[in-house]
Student: 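Structure provided below as structure tokens; questions to follow.
Note that the structure is a prediction, hence the values are computed from the model and not measured. Note on naming: letters A, B, ... go to the chains in the order of the sequence lines (proteins, then strands), and numbering restarts at 1 for each one.
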Amino acid sequence: MKIEENIAAVVAESILQESGQQVDPTTILLQKTRKEFAGDLTLVVFPFVKCLKRSPEQVAELLGQTLLRQIPQIEGYNVVKGFLNMVLTPGFWLDFLGREAGNERFGYASAKHEDPGRSSQAKKPVVVEFSSPNTNKPLHLGHIRNNLLGYAVSLLLEGTGNQVVKVNLVNDRGIHICKSMLAWIRFGQGETPESSEKKGDKLVGDYYVVFETKLRQQVDALMKDKGISEEEARKEAPLMQEARSLLRRWEARDPEVLAVWKQMNEWVYQGFDVTYKRMGVAFDKTYYESETYLLGREIVSEGLRAGAFYEKEDGSVWADLSEYELNEKLLLRADGTSVYMTQDIGTAQLRYDDFLPRKMIYVVGNEQNHHFDVLKKVLDTLGKPYAAAIHHLSYGMVELPQGRMKSREGTVVDADDLMDEMVATARKTTEELGKTQGLSEADKQELYRVIGLGALKYFILKVDPQKNMLFNPEESIDFNGNTGPFIQYTHARICSVLRKASPGRLKHAYGSLEGISPNGKEKELLKRLHEFPGVVLEAAHELSPARVANYVYEVAREFNQFYHDYSILNEPDQGISDFRLLLSQLTVTTIRNGMALLGIDVPERM
RNA sequence: GGUUCCGUAGCUCAGCUGGAUAGAGCAACAGCCUUCUAAGCUGUGGGUCCCAGGUUCGAAUCCUGGCGGAAUCACCA
């Protein structure tokens with residue numbers, strides 16, 4: 001039993017004895033003692049003063065005495081106002097260290113879905129959708145946040161015992177890809193990634209820009225010549241009409257159009273693969289909108305027959321959600337073609353049929369909050385059992401100093417470029433510090449990659465997903481302070497110490513903890529490490545990798561303070577030296593596992 | 001206009017289900033490398049936690065109302 005539970009039980013019992021009243025277990029609030037007070041755990045006694053009819057100090061004193069008597073791991077206490085600060089025995093902390101220092105999986109939970117004793121519900125997987133790119137443009141900084149967040153959340157859920165299925169939903173059809181196709185057909189002269197030595201997604205993205213540029217010219221001319229509004233001009237522009245016609249031909253399965261479409265998407269996927277691989281993300285399954293929208297269309301038609309939806313005179317199909325304050329929502333156009341919502345209805349069903357998940361998490365920007373409210377309601381209206389299983393993990397936008405990224409203003413931060421820059425900065429900084437002697441060229445390249453990507457990933461993941469975040473391209477991402485490289489550096493530093501310890505030292509050290517009394521810094525660090533499994537659980541529960549990121553930073557900071565003040569290997573007292581070695585060992589595991597849960601690698605040297 | 005989210009130091013961000021004197025980093029300034037990696041450590045300055053009420057023994061945290069910002073309310077995705 002955890003000591004916190006033990007204390008809570010004694011407190012509840014004690015209050016029952018004194019007052020005859022049952023206390024609400026949630027009012028027994030144990031927190032770690034603040035640094036400026038003596039003690040390890042603090043109980044807030046204010047909630048109990050009323051029923052015990054005594055002053056806060058008296059209540060704290062009473063509970064303190066009882067706890068001291070009944071719980072052997074408590075060796076003392078002090079009372080400050082309504083706070084009871086308890087001091088745990090060195091033995092408690094040393095037991096913890098001895099138990100976990102050799103545990104490579106410290107912080108991870110056992111796999112619940114493989115546990116035969118678990119309920120069938122707990123064994124069901126969680127599906128996490130992220131990335132979800134369009135095939136007309138390369139990935140940018142916004143996608144980076146999405147991918148890193150989705151991947152880290154998947155790792156967190158896996159790390160806490162869930163079976164996770166990572167899925168990508170590629171939006172490979174629609175007017176946007178037709179625009180790229182049209183521009184390529186009209187102006188491309190057969191250009192291919194091979195002929196131009198461009199990444200496939202970049203090539204297709206460039207034609208999207210060509211389309212928009214040429215369209216702009218036509219629109220401007222139309223507005224000037226005919227004096228019509230921009231909106232009308234966009235509709236009338238020949239290029240726009242051709243793009244529409246291309247879409248219709250695509251939906252009609254015109255072989256010529258399908259061939260171009262297939263070819264261009266293939267180029268894009270090859271490009272995306274390179275980017276995903278570099279980013280370090282991967283998927284268990286990829287859905288394509290071109291393969292799911294038909295199912296969505298069927299489900300909507302069924303819903304219409306069943307009376308869940310209604311048809312307008314022009315033949316379009318709508319859901320009436322006005323009773324939920326959500327207005328009406330189009331589900332099928334008059335010409336029978338589908339919209340985004342139609343497609344999402346289809347994929348939800350497909351996903352449910354494929355995996356029977358207990359939860360379906362969608363990592364999608366907060367600009368789509370409304371879309372998911374509607375989706376859940378529509379599925380609910382259809383009586384779909386999985387409507388309640390849908391969870392929109394809504395995250396904030398990445399903004400630039402001048403606001404959102406706008407392709408028209410050329411302020412989009414390209415994912416590949418950004419990763420290149422980060423790695424280049426990592427190389428430059430590392431070379432300046434000159435600590436890589438003895439590393440092969442390949443090792444060095446790998447190190448630059450690990451540091452550059454670590455800096456980028458940590459920068460993104462340390463921010464609470466819900467919040468918008470700012471990225472300033474003018475200032476490169478920092479490598480000092482609360483950053484990925486700082487944490488990686490701390491890891492490398494500890495590895496260096498562990499390498500220098502004579503072989504077999506660690507094993508021998510487990511036996512020699514008896515009689516050690518950790519000093520202030522050591523205990524701070526131990527207490528911090530003790531929190532790790534709880535932090536991981538909370539982070540998984542809240543789907544917030546930021547919790548882990550900020551925690552790991554605290555660990556690294558506290559280790560560096562300890563490292564600065566005390567010697568590990570040069571400590572003359574063998575017992576203390578062994579203890580510090582184990583402390584370092586557990587710290588390195590915590591950093592490595594914590595970073596791994598974020599999808600960030602840590603180097604052994606840097 | 002309706003709905004949702006956000007507002008904490010000059011800047012970027014923490015602050016867990018309400019708990020003690022609100023914390024880091026960056027930037028600025030001042031120190032610390034013949035000792036296990038100085039991408040480190042220490043110190044100084046820096047706050048009306050947007051504002052006003054309310055609930056509470058106790059509010060940055062919860063409620064109400066303002067103010068400011070963002071998103072959304074598409075036959076775009």
Student: May I ask you to decide if the ring planes of Tyr340(A) and His371(A) are parallel, tilted or perpendicular, using 30° and 60° as cut-offs?
Tutor: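 The arrangement is parallel - the two ring planes meet at less than 30°.
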Student: Find the distance Leu433(A):CG to A38(B):C1' and express it as a whole number of Å.
Tutor: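 The distance from CG of Leu433(A) to C1' of A38(B) comes to 9 Å, rounded to the nearest Å.
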Student: Please measure how far the P atom in C5(B) lies from the corresponding atom in U37(B), and state the result in whole Å.
Tutor: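 These two P atoms come out 50 Å apart once rounded.
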Student: Under a 3.5 Å limit for both distances, which nucleotide forms a Watson-Crick or G-U wobble pair with G47(B), could you say?
Tutor: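 Across any shown strand, G47(B) pairs with none.
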Student: Can we say Lys521(A) and Glu558(A) salt-bridge, meaning some charged N sits less than 4.0 Å from an Asp/Glu carboxylate O?
Tutor: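 Between Glu558(A) and Lys521(A) there is no salt bridge, as every charged N stays at least 4.0 Å from the carboxylate O atoms.
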Student: Among U37(B), U21(B), C76(B), which is the nearest nucleotide to the side chain of Arg605(A)?
Tutor: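 Of all the options, the side chain of Arg605(A) is nearest to U37(B).
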Student: Spell out protein contact along nucleotides 26-33 of chain B as letters: B when the base is contacted, S when just the sugar-phosphate is, - when no protein heavy atom is under 4.0 Å; keep the 5' to 3' order.
Tutor: S-------
Student: Report, as yes or no, whether the 6.0 Å neighbourhood of atom NZ on Lys444(A) holds more than 12 heavy atoms from other residues, nucleotides or ligands.
Tutor: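 Enclosed: over 12 neighbouring heavy atoms sit under 6.0 Å from NZ of Lys444(A).
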Student: Can you identify which nucleotide, out of A71(B), C36(B), A77(B), has its nearest atom closest to the Asn134(A) side chain?
Tutor: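 Out of A71(B), C36(B), A77(B), the nucleotide with an atom closest to Asn134(A)'s side chain is A77(B).
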Student: Consider only side-chain N and O atoms of Thr292(A) and Glu289(A), and report whether a donor and an acceptor are under 3.5 Å apart.
Tutor: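 Absent: no donor and acceptor within the cut-off.
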Student: Among G23(B), C16(B), G25(B), which is the nearest nucleotide to the side chain of Tyr553(A)?
Tutor: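 Side chain of Tyr553(A) sits closest to G25(B).
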Student: Only pairs with both distances under 3.5 Å count, Watson-Crick or wobble alike; so what is the partner of U72(B) in this structure?
Tutor: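 Matched U72(B) with G2(B) under the 3.5 Å cut-off.
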Student: Taking OP1 and OP2 of A38(B), is either one under 4.0 Å from a side-chain nitrogen or oxygen of Arg493(A)?
Tutor: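 Arg493(A) to A38(B) OP1/OP2: side-chain N or O found under 4.0 Å.
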Student: Report yes if a side-chain nitrogen or oxygen of Arg244(A) is closer than 4.0 Å to either non-bridging phosphate oxygen (OP1 or OP2) of C75(B); otherwise report no.
Tutor: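 So the side chain of Arg244(A) is outside the cut-off, no N or O lying under 4.0 Å from OP1 or OP2 of C75(B).
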Student: Nearest to the His370(A) side chain among U72(B), C16(B), C13(B), which nucleotide is it?
Tutor: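 Minimum distance to the His370(A) side chain belongs to U72(B).
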Student: Which letters describe nucleotides 3-10 of chain B, given B = protein heavy atom under 4.0 Å from base, S = only from sugar-phosphate, - = neither?
Tutor: -SSSS---
Student: Can Lys329(A) be said to sit on top of Trp318(A)'s aromatic six-ring, NZ or CZ under 6.0 Å from centre and within 45° of the ring axis?
Tutor: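 No, cation not above the ring by the 6.0 Å, 45° rule.
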Student: Write down the distance separating the C1' atoms in G47(B) and C11(B), rounded off to the nearest Å.
Tutor: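 Each nucleotide's C1' atom is 15 Å from the other's.
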Student: Between the base of A20(B) and the side chain of Thr42(A), is there a donor-acceptor distance below 3.5 Å?
Tutor: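 Answer yes: a donor N or O sits under 3.5 Å from an acceptor.
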Student: Considering only side-chain heavy atoms of Glu367(A), which listed nucleotide, C41(B), C73(B), U72(B), is closest?
Tutor: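 Within the option list, the nearest is U72(B).
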Student: Which pairs would a plain distance check flag for residues 133-142 of chain A, meaning a side-chain donor or acceptor within less than 3.5 Å of a matching protein atom at least two apart in sequence or in another chain?
Tutor:
{"from": "Asn134(A)", "atom 1": "OD1", "to": "Asn171(A)", "atom 2": "ND2", "distance (Å)": "2.9"}
{"from": "Thr135(A)", "atom 1": "OG1", "to": "Asn265(A)", "atom 2": "OD1", "distance (Å)": "3.1"}
{"from": "His140(A)", "atom 1": "ND1", "to": "Gly142(A)", "atom 2": "N", "distance (Å)": "2.9"}

Student: What's the closest nucleotide to the side chain of Phe83(A) if the choices are C75(B), A77(B), G19(B)?
Tutor: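 Nearest nucleotide to the side chain: G19(B).
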Student: When you get a sec, tell me which of C75(B), U17(B), U72(B) is the closest nucleotide to the side chain of Leu29(A)?
Tutor: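 Output: U17(B).
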Student: In whole angstrom, give me the gap between the P atoms of C41(B) and G2(B).
Tutor: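 Those two atoms are separated by 50 Å.
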